[in-house]
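Since the structure comes first, as structure tokens, the remarks are kept for the end.
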Amino acid sequence: MNIALFGYGKMGKMIETVSQNKGHNIVAKIDVDSGDIDYSEMDVAIDFSMPDAAFDNISGCFENGVPVISGTTGWLDNYDDAVALCQEKNGAFIYASNFSLGVTIFFELNRYLAQMMSRLDQYRVSLEEIHHTQKLDAPSGTAISLAEDIIENSDYQGWKLDRAGDGEIPVTSKRIGDTPGTHTVNYGSKVDHIEIRHAAHNREGFALGAVIAAEWIQGKTGIFTMKDVLDLNR
Ligand SMILES: NC(=O)C1=CN([C@@H]2O[C@H](COP(=O)(O)OP(=O)(O)OC[C@H]3O[C@@H](n4cnc5c(N)ncnc54)[C@H](OP(=O)(O)O)[C@@H]3O)[C@@H](O)[C@H]2O)C=CC1
Ligand SMILES: O=C(O)C1=N[C@H](C(=O)O)C[C@H](O)C1
């Protein structure tokens, strides 16, 4: 498979290694000053770039018939436009705030736990995410996905960074050293707490999930999620 990397930073480089270990070719490494882009050799584009670059990168791929795996966070104000363009061009698209296979399962646990805990008013939920000090966005895309899934499966009406009001989920963001990404969902009561946590040991899991998604999307058209890739909708 011929893969184009949009963004050749920490994640782009890790995806290059994982892709080559699986026998794929990297046919383009697109960075901020790449100039004219040749889409003709691309079977798939994998975008791990910057919040203000992602939408233009994704749109260019759809305009040129290239399926997109999008991992960049912090650009979702334009998500609906990306979906509309993909549909108009009969393209193929997967966005995930976190491509790790473990986090895809963690998202399912979070939804299920939220449903059960919504029956118990003794518990209050809170979220914490810890990342490396170079991360641009806060809270992380993964923390936002976790919060939105809790809201969909409970009576919480929103989330807020640090100070949450009534009916809102408090989210704490910490930036510590090289931490690849740790997410904790905590339900606390006066007498105990329950927490679920996913901790990435390095970036390989994010990269592997993105390459698996890129392999899976070949020959397909439509908008998909990692649940489709892992066949968790059954
Ligand atoms: N969904 C997931 O599983 C994961 C998502 N992420 C997300 O992926 C993104 C990238 O993370 P990471 O690799 O750590 O960040 P880096 O800062 O290491 O890499 C981003 C790269 O994008 C480049 N870039 C800037 N503008 C453009 C452009 N217009 N087109 C293409 N590339 C551009 C930057 O170049 P320059 O440095 O020259 O500006 C840089 O090399 C972030 O949004 C992060 O949150 C990260 C890990 C997992
Ligand atoms: O920027 C990162 O590094 C990461 N970003 C994603 C996010 O914002 O959730 C996923 C992962 O946690 C690493």
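All ligand and atom numbering here is 1-based and tracks the order in the structure. Because the structure is a prediction, the values reported are computed rather than measured.
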Original post:
Can you check whether Lys135 has an N/O within less than 3.5 Å of an N/O in ligand 1?
Top reply: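 Yes, there is a polar N/O contact under 3.5 Å.
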
Subject >> Polar proximity ligand 1 side, Ser97 side, N/O cut 3.5 Å exclusive >> reply: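 Yes, at least one N or O pair falls under 3.5 Å.
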
Original post:
Hey, is Pro180 one of the residues with a heavy atom under 4.0 angstrom from ligand 2?
Top reply: yes

Subject >> Gln134 to ligand 2, any heavy atom closer than 4.0 Å >> reply: no

Original post:
Given Ser49, Gly9, Gly7, which one has a non-hydrogen atom that is nearest to atom 10 (C) of ligand 1?
Top reply: Ser49

List every atom of ligand 1 that sits less than 4.0 Å from any heavy atom of [X], numbering the atoms from 1 in the order shown and giving each element.
| X | answer |
| --- | --- |
| Gly71 | 1 (N), 2 (C), 4 (C), 5 (C), 6 (N), 7 (C), 8 (O) |
| Thr72 | 8 (O), 43 (O) |
| Phe99 | 1 (N), 2 (C), 3 (O) |
| Ala96 | 1 (N) |

Subject >> Thr73 side chain to Ser97 backbone, donor-acceptor under 3.5 Å >> reply: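 No.
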
**OP:** Kindly say whether Val27 contributes a backbone atom to a donor-acceptor pair with the side chain of Asn25 at under 3.5 angstrom?
**Re:** no

Original post:
Which is it for Asp162 and Lys160 under the salt bridge (Lys or Arg N to Asp or Glu O under 4.0 Å) test, yes or no, and what are the steps along the way?
Top reply: CA-CA 6 Å; Asp162 300 327; Lys160 196 162 272 168; over 6 Å; no

